[in-house]
Amino acid sequence: MDRQPPQDRDIRAEILHLRAEVVRHNDLYHRRAEPEISDAEFDALERRLRRLEADHPDLAPGESPAGRPGADSDARFPSAPHSRPMLSLANSYESDEVVAFVDRARRSLDVDDLRFTVEPKMDGVAVAVRYRDGCLVRGLTRGDGAQGDVITANVATLCQIPGELTAGWRGLLPAGTDAWEARGEAYLGLERFRQVNAEREAEGLAALANPRNATAGTLKTLDSDEVRRRGLSVCFYEFLLLDDEDRPLDGGFDDHRQELALIRRLGLPVNDFLREASTVEEIQSCLDELESLRAGLDYQIDGAVIKVDERQWQEALGSTAKAPRWGLAFKFAAEEAVTTLREITLQVGRTGVITPVAELEPVLLAGTTVSRATLHNWEEMERKDIRVGDRVVVVKGGDIIPKVLRVLVDERSGDEEPQPRPSTCPVCDEPTHQVEGEVALRCGNPLCPAVVAGRLRHFAGREACDIDGLGGRSIELFLAEELVRTPADLFRLDPAVVAELPGWGEKSAARLQSGLNQAPVRPWAAKIFALGIPQVGVSTARTLATYHRDLEALLAADPDALAELPDLGPIVGAAVHGFLHGPGAALLEDLRTVGFFLDHEDAPAPVDETREGWFAGKTVVLTGTLESMGRAEAKGLIEGQGGKITGSVSKRTDAVVAGEKAGSKLAKAEELGVEVLDEAAFLERLASGGDGAS
Ligand code: IVH
């Protein structure tokens, strides 16, 4: 029984809820490149969580995700350790926080005449490139900060990243060194972003939502030629000298200005805007100058980075586990624009959710013309009292999807009209309903044309079947011509009939056919995602694919077994089971008849509890850094023996492998009496095979 006072229970529930939200939004931003909220909203969530945890340390013990850099790791790429962790920067929004940062640095160093630099905070995707003997040898994403994904072939296509350095580079490095790394931000210039979207539109493909997501997606493309065609740019801001074993060495520069000059002389691009400042007032005027230039730049910045200039002072200040103490990100407010809301239209998604959309007088905002903005749902619209005809302030939420921030009530003429909640679906006229506990209004008709079209778009989408030649417009056309209704119908399309449709021809019909032929050999996880199971995103689909290697295995799993899978839990477990054996059953049968499922799908090997080895059937948590191998390798070896890796320590954990700098997970293991293996013991157990030595 829970004996906590009700107030404590509420706080605990809030902490747990905030932790889940922070993890979810980190995943949306870093891994899926599909953020739902702005950076400022995310920071507010994280700050609230940190404050509650600091004020009530006893209410929710265990590891907190607050301040942890979000992982962008992607299982399709090999991973490799960073030479030094890629940290984050502390964020600030108010000038008071800049004052506090400057004071803290001066006080802890006891130096009055500290020098600072101010430069743009590029809103792109962090990359690290490594050179040895004058050649590009590795490109890495940030990943979880300790390990990144290896994307060498992709970064090598960026024309600003030389494959080989020009003669004379050796003279720029300290004697006896020949390896170094530069870290920076890859981005898609705004002009290029608009071009890419124009090209996509001409091909009937969905527009890319914003340059940052487009960059993240591009860097994680498996086809390097495609990466080259995208035309990404890059700009570097950090230099690391390396020894023979890729460990960081001191040297190369004395201050940040020299650091950037060195990167430039080595042949890599750096930003032109770099200012020096010694007082808070000077810093403030650099921030103002940069903010005034922002709208005219050909790339997106979300703020400025203030750094202590001199290397010796940077080193003296050091870093926390999350961020250097010598740097601060000052985030600019999201760019705003004022315009008129002409009309509110209704969009029905593949799950039947009805979203109100603001149709706006087109207005220029953060480099793109905005003519639509999401209004999210009726509760939000009513709370903001948004009416047709209103003058409204629009922002790009985290510079992502535009949204209506507020109404300029003083500018009302009195003719503005509130938009009532629709009682019927705008597409099929069936009554709408609201599911208890949800804010969304839904159309419950599974045959609603909008729902049917949404399902087909999802099925054909990039993360699902990735069907070449099948964009939103083609789907609309096939539906209008009554050629398809379900995903399985796509496989029954007659190329000769398609070739006769307006805008189609033999070539494009053949391309579609070949795209469809590829669908059954898509990764099993992508095929599970394509089914559109409620609550199942890309990462849950991967888990399902790993543990249930084909359709038969997936159908045989009961809700409890599904709930036990890593990160699923009872709600998702029940949703998956409910769908597969309820509304999704006909879809599965239909897809089976067109040969969409293979007998043995290609999922990674699931945990094999019968395999020999000390780790067989054991649930293991990895924490800290191992000297002899990276995390991915350790994971592979444990899984190879039939062990299972989980992220958090509980009573059900069989062992915790604790490397250097193991933190709260080690403490938790000790508290629960779970067996702890240091690196030597871990290696011994790996070697001990199936003889059960312990
Ligand atoms: S310095 C230890 N300088 O912002 C981290 N970072 O929120 C030192 N970023 O991880 C980073 N522009 O990906 C630095 N001029 C700049 C930057 C910059 C963008 C990114 C970078 C960093 C993130 C932190």
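Counting convention: from 1, in listed order, for ligands and their atoms alike. This is a predicted model, so every value here is computed, not measured.
- At a 4.0 Å heavy-atom cut-off, ligand 1 touches Leu87 through backbone and side chain alike.
- With Lys331, Arg142, Glu185, Lys322 as candidates, the residue nearest to atom 20 (C) of ligand 1 on a non-hydrogen basis is Glu185.
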One pair to check against side chain to side chain donor-acceptor pair (under 3.5 Å): Asn154 and Ser224. What are the steps and the verdict? CA-CA 5 Å; Asn154 286 353; Ser224 297; 2.9 Å; yes
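- Looking only at heavy atoms of the protein, atom 12 (N) of ligand 1 is closest to Met122 N, 3.0 Å.
- Residue Glu119 places at least one N or O, backbone or side chain, under 3.5 Å from an N or O of ligand 1.
- In terms of polar-atom proximity, Tyr237 is counted as a contact of ligand 1, with an N or O under 3.5 Å from an N or O of the ligand.
- Among Ile306, Leu89, Asp123, the residue whose heavy atom sits closest to atom 8 (C) of ligand 1 is Leu89.
- Both the backbone and the side chain of Lys121 come within contact range of ligand 1, each with a heavy atom under 4.0 Å.
- Remark: ligand 1 and Pro324 share no N or O pair separated by less than 3.5 Å (distance only, no angle test).
- Pairing each heavy atom of Leu405 with each of Val395, the nearest pair is CD2-CG1, 3.9 Å.
- Numbered from 1 in the order shown, with element, the atoms of ligand 1 that lie under 4.0 Å from a heavy atom of Ala126 read 13 (O).
- Annotation for ligand 1: atoms under 4.0 Å from non-hydrogen atoms of Val305 are 3 (N), 15 (N), 16 (C), 17 (C).
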Could you give me the CA-CA distance, side-chain angles and deciding distance for Glu164 and Tyr131, then say whether side chain to side chain donor-acceptor pair (under 3.5 Å) is met? CA-CA 8 Å; Glu164 262 181 61; Tyr131 285 82; over 6 Å; no
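- Taking the six-membered ring where the residue is Trp, Phe239 and Phe253 present perpendicular rings, their angle passing 60° and hence far from 30°.
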Do Glu181 and Ser83 pass the side chain to side chain donor-acceptor pair (under 3.5 Å) test, and can you show the C-alpha distance, the side-chain angles, and the key distance before you say yes or no? CA-CA 9 Å; Glu181 179 171 314; Ser83 52; 3.0 Å; yes
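- Ligand 1 has no N or O atom lying under 3.5 Å from any N or O atom of Ser88, backbone or side chain.
- Across all their heavy atoms, Ala304 and Val118 have their closest contact at CB-CG1, 4.1 Å.
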Output, in order, the C-alpha distance, side-chain angles, deciding distance and verdict of side-chain contact (heavy atoms from CB on, under 4.5 Å) for Val137 and Thr152. CA-CA 7 Å; Val137 289; Thr152 316; over 6 Å; no
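- Here Arg183 has no heavy atoms under 4.0 Å from ligand 1, in either its backbone or its side chain.
- In this structure, Met86 does not count as a contact residue of ligand 1, since none of its heavy atoms falls inside 4.0 Å of the ligand.
- Remark: the backbone N or O of Ser278 is paired with a side-chain donor or acceptor of Glu282 at under 3.5 angstrom.
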Pairs under 3.5 angstrom only: tabulate donor-acceptor contacts from the side chains of residues 262-273 to other protein residues two or more places apart or in another chain.
residue: Asn271; atom: OD1; partner: Phe273; partner atom: N; Å: 2.8
residue: Asn271; atom: ND2; partner: Tyr299; partner atom: OH; Å: 3.0

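- Below 3.5 Å of separation, one finds an N or O of Pro120 facing an N or O of ligand 1.
- Nearest protein heavy-atom contact of atom 3 (N) of ligand 1 is Lys307 NZ, 3.0 Å.
- Note on ligand 1: Gly327 sits outside its first shell, no heavy atom being nearer than 4.0 Å.
- When only modelled atom types and interatomic distance are considered, Thr218 and Arg230 share a side-chain donor-acceptor pair under 3.5 Å.
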